[in-house]
Trainee: 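Got a structure for you, questions after.
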Amino acid sequence: MIDLRALREDPERLRASQRARGEDEAVVDRLIDLDERRRSALSRFESLRAEQKSFGKSVSKAKGPEREALLARAKELAQQVKQAEAEADRLEGELAELLKTVPNIIEDGAPAGGEQDYVVLEHVGEPPSFDFTPRDHLELGELLGAIDTERGAKVSGARFYYLTGVGTRLQLALLNLAMDQAIEAGFVPMYPPLLVKPEAMDGTGFLGAHAAEVYRLPDDDLYLVGTSEVPLAAYHMDEIIDDLPRRYVAWSSCFRREAGSYGKDTRGIIRVHQFDKVEMFSYCTLEDSHEEHLRLLEWEKQMLAKVELPYRVIDVAAGDLGASAARKYDCEAWIPSQNTYREVTSTSNCTEFQARRLSVRHRDDSGKTRPVATLNGTLATTRWIVAILENHQLADGSVRVPKALQPYLGGQEVLEPVR
RNA sequence: GGAGGGUUGGCCGAGCGGUAAGGCAGCGGCUUGCUAAGCCGUCGUCAGGGACACCUGCGUGAGUUCGAAUCUCACACCCUCCGCCA
């Protein structure tokens, strides 16, 4: 949710942001108009209400015929108050609804445009060159006895899979490595709830354009989280935090319906309904948020270095940010079988957008409460297995284990085919 | 699934139909001194609106009433107990 007061002072800022996102600029004028009408309706109601209250006091003191006269006037007032309140409530509701559709204002410097308009910030590492035809991750996974998508489909349907044997161990190794890195950096480790109430899901900004992506349990009015960003952002809902920054790292499963992605990435475990992820989450001041964002990106790069993957960093374009983010950097690892880079991490600065919706605040130097800034970033996911298997494969279908992962795999240096 | 209790300012908490006690914290001042304590004080404190004087807001929504934190109904959430289940 954006700040209405700030909007009143500088509507041009939101206009520019909407333009860069390729979204409707006219909402700015509609917001301002609604806001003005709401405030005048509220004033009208409040002055009537004040009059009614003081009238009530004189009624309580009056006696006899004087009281009767006052009562008659008070009844009239009561009618007017009721009407004025209804009008103010109506406009308030209308404004709130419109406000919910407005995405965060982008950070200065975020590239304008849509999905294709990202800017590549850097390349790290070299894509491997093979003197044999590289296998894709599913073929490797099957050779190693690491991935079973056939039985995943049998039991749960398309886009489900089993990690088996060394695949399971590899995931545990990867996610533990990520947890350990974050804990060492001072993050508080968390295991969050994965079913959340509507206000948590909505407050995080996932029930807008992305509502179709979210699994919902109608009998219980709960949502399955698509990322632990949701329970981590809602963790301090309705609180005032005074010791900023706060950094949390959570390990969780993530559930996504992948509606509208029919036919995309149907092979293997690139795009699945359920996967595991280690996610960093920071609460800090708005002023610190830009620096914190770069720190999160740095931690992501550290992890990618540990698993020895070649990747590039992109500055995601405004139109592809999602509602909550003001700026987003993705790290994309090289995927040999696809001859392209695919997203393996994503870090967003949501500035005050989520905190305002969730009512997470801190006290500034003057003692006033202000929304905090929230940021998130990926440290590892199931999808990383794809990149690790493919980039570190050898001619015979075995896979070299990156040094940093070896201690987590009982010292194994190479994963060998089981058939 | 059933029964009961609860929801009041940053925190605790009174209020039971007529302007929302009190305490803690906070802030300002003073005193004594020191891993801080005591005293005094007052207006402010959280949110929204505003002519910056004030006003509105007691979980949410309806109702009763001239007037609702207070009475009625519905809903949400939290807690306890019982039942069922892992």
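It should be emphasised that the depicted structure is a prediction, and the values quoted were computed from it without experimental measurement. Chain letters run A, B, ... following the sequence lines, proteins first and then strands; every chain starts at 1.
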Trainee: How far does the P atom of B:G23 sit from the matching atom of B:C34, given to the nearest Å?
Mentor: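 Looking at atom P only, B:G23 and B:C34 are 30 Å apart.
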Trainee: Any strand is fair game: report the nucleotide pairing with B:U19 by Watson-Crick or G-U wobble, both distances under 3.5 Å, or none.
Mentor: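 Across any shown strand, B:U19 pairs with none.
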Trainee: Can you measure A:Arg8 atom CZ to B:G48 atom P for me and round it to whole angstrom units?
Mentor: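 Value for this atom pair: 10 Å.
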Trainee: To the nearest Å, give me how far apart CD (A:Glu199) and C1' (B:C77) are.
Mentor: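 Rounded to the whole Å, the gap is 8 Å.
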Trainee: Take atom C1' in B:G59 and the same atom in B:C79, then report the distance between them in whole Å.
Mentor: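 15 Å, rounded to whole Å.
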Trainee: Now, which nucleotide makes the Watson-Crick or G-U wobble pair with B:G4, with each of the two distances under 3.5 Å?
Mentor: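 B:G4 is paired, partner B:C79.
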Trainee: Distance only, no hydrogens: is a donor on one side chain within 3.5 Å (strictly under) of an acceptor on the other, for A:Thr382 and A:Asp276?
Mentor: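 Side chains of A:Thr382 and A:Asp276: no pair found under 3.5 Å.
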Trainee: I need the NZ-C1' distance between A:Lys197 and B:C77, as an integer number of Å.
Mentor: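 Roughly 5 Å, once rounded to whole Å.
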Trainee: For the C1' atoms, the ones on B:G44 and on B:A25, what distance do you get once it is rounded to whole angstrom?
Mentor: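 So the two C1' atoms sit 15 Å from each other.
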Trainee: Rounded to whole Å, please give me the gap between CZ in A:Phe45 and P in B:G48.
Mentor: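 Going from CZ in A:Phe45 over to P in B:G48 covers 17 Å.
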Trainee: On RNA chain B, check which nucleotide each of A:Asp220 and A:Ser43 is closest to and give me the residue with the more 5' one.
Mentor: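 Checking each residue's closest nucleotide, the 5'-ward one belongs to A:Ser43.
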Trainee: Does B:A53 have a Watson-Crick or wobble mate here (both distances under 3.5 Å), and if so which one?
Mentor: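 Partner of B:A53: none found under 3.5 Å.
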Trainee: Whole-Å distance between B:U60 P and A:Glu92 CD?
Mentor: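 In whole Å, B:U60 P lies 13 Å from A:Glu92 CD.
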Trainee: Take atom P in B:U7 and the same atom in B:G15, then report the distance between them in whole Å.
Mentor: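 Nearest-Å result for B:U7 against B:G15 at atom P: 11 Å.
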Trainee: Heavy-atom nearest nucleotide on RNA chain B for A:Ile240 versus A:Arg39: which residue maps closer to 5'?
Mentor: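 Nearest-nucleotide comparison on RNA chain B picks A:Ile240.
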Trainee: Which part of the nucleic acid, if any, lies within contact of A:Arg5, taking any heavy atom under 4.0 Å across all strands shown: a base, the sugar-phosphate backbone alone, or nothing?
Mentor: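 If one applies the 4.0 Å heavy-atom cut-off, A:Arg5 turns out to touch the sugar-phosphate alone, with no base involved.
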Trainee: Can you tell me how far C1' of B:A47 sits from CZ of A:Arg361, to the nearest Å?
Mentor: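 Checked: the CZ to C1' distance equals 8 Å.
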Trainee: Does B:C39 pair with anything, Watson-Crick or G-U wobble, both distances under 3.5 Å, and if so, with which nucleotide?
Mentor: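 B:G29 - that is the nucleotide pairing with B:C39, both distances being under 3.5 Å.
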Trainee: Could you identify the nucleotide paired to B:C34, looking across every strand shown and requiring Watson-Crick or G-U wobble geometry with both distances under 3.5 Å?
Mentor: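 No nucleotide pairs with B:C34.
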Trainee: To the closest 0.5 Å, what do you measure between OG (A:Ser282) and CZ (A:Arg247)?
Mentor: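 Answer rounded to 0.5 Å: 5.5 Å.
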Trainee: When you compare B:G61 with B:G9, how far apart are their P atoms, in angstrom units rounded to a whole number?
Mentor: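 Their P atoms lie roughly 16 Å apart.
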Trainee: P atom, B:C52 versus B:C58: distance in rounded Å?
Mentor: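 Taking atom P in both B:C52 and B:C58, they lie 27 Å apart.
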Trainee: What is the distance from CG of A:Asp202 to P of B:A76, rounded to the nearest Å?
Mentor: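 From A:Asp202 CG to B:A76 P: 18 Å.
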Trainee: Before you tell me yes or no, could you show the steps for A:Glu308 and A:Arg400 under salt bridge (charged side-chain N to carboxylate O under 4.0 Å, His left out), namely the whole-Å CA-CA distance, both residues' side-chain angles and the distance that decides it to 0.1 Å?
Mentor: CA-CA 11 Å; A:Glu308 301 168 30; A:Arg400 189 176 60 78; 3.1 Å; yes
Trainee: Working to the nearest 0.5 Å, report the span between OG1 of A:Thr227 and CZ of A:Phe275.
Mentor: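 Going from the OG1 atom of A:Thr227 to the CZ atom of A:Phe275 covers 7.0 Å.
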Trainee: With side chains defined as the heavy atoms from C-beta onward, is the minimum distance between A:Arg356 and A:Leu99 less than 4.5 Å?
Mentor: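 No - every pair of side-chain heavy atoms lies 4.5 Å or more apart.
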Trainee: P atom, B:U56 versus B:U45: distance in rounded Å?
Mentor: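 Here B:U56 and B:U45 have their P atoms 14 Å from each other.
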Trainee: Determine which nucleotide pairs with B:A14, using a 3.5 Å limit on both distances of a Watson-Crick or G-U wobble pair.
Mentor: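 Answer to the pairing question: none, since B:A14 forms no Watson-Crick or G-U pair.
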Trainee: Sticking with atom P, work out how far B:U19 lies from B:A69, rounded to a whole angstrom.
Mentor: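 Going atom to atom, P in each nucleotide, I get 11 Å.
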Trainee: Can you measure from CG (A:Leu405) to CH2 (A:Trp384) and round to the nearest 0.5 angstrom?
Mentor: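 Output value for this atom pair is 9.5 Å.
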Trainee: Across all strands shown, which nucleotide pairs with B:U72 by Watson-Crick or G-U wobble geometry, both distances under 3.5 Å?
Mentor: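 The answer is B:A62, by the H-bond criterion.
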Trainee: Would you mind reading off the distance between A:Asp238 atom CG and B:C77 atom P, rounded to a whole angstrom?
Mentor: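 The distance from CG of A:Asp238 to P of B:C77 comes to 15 Å, rounded to the nearest Å.
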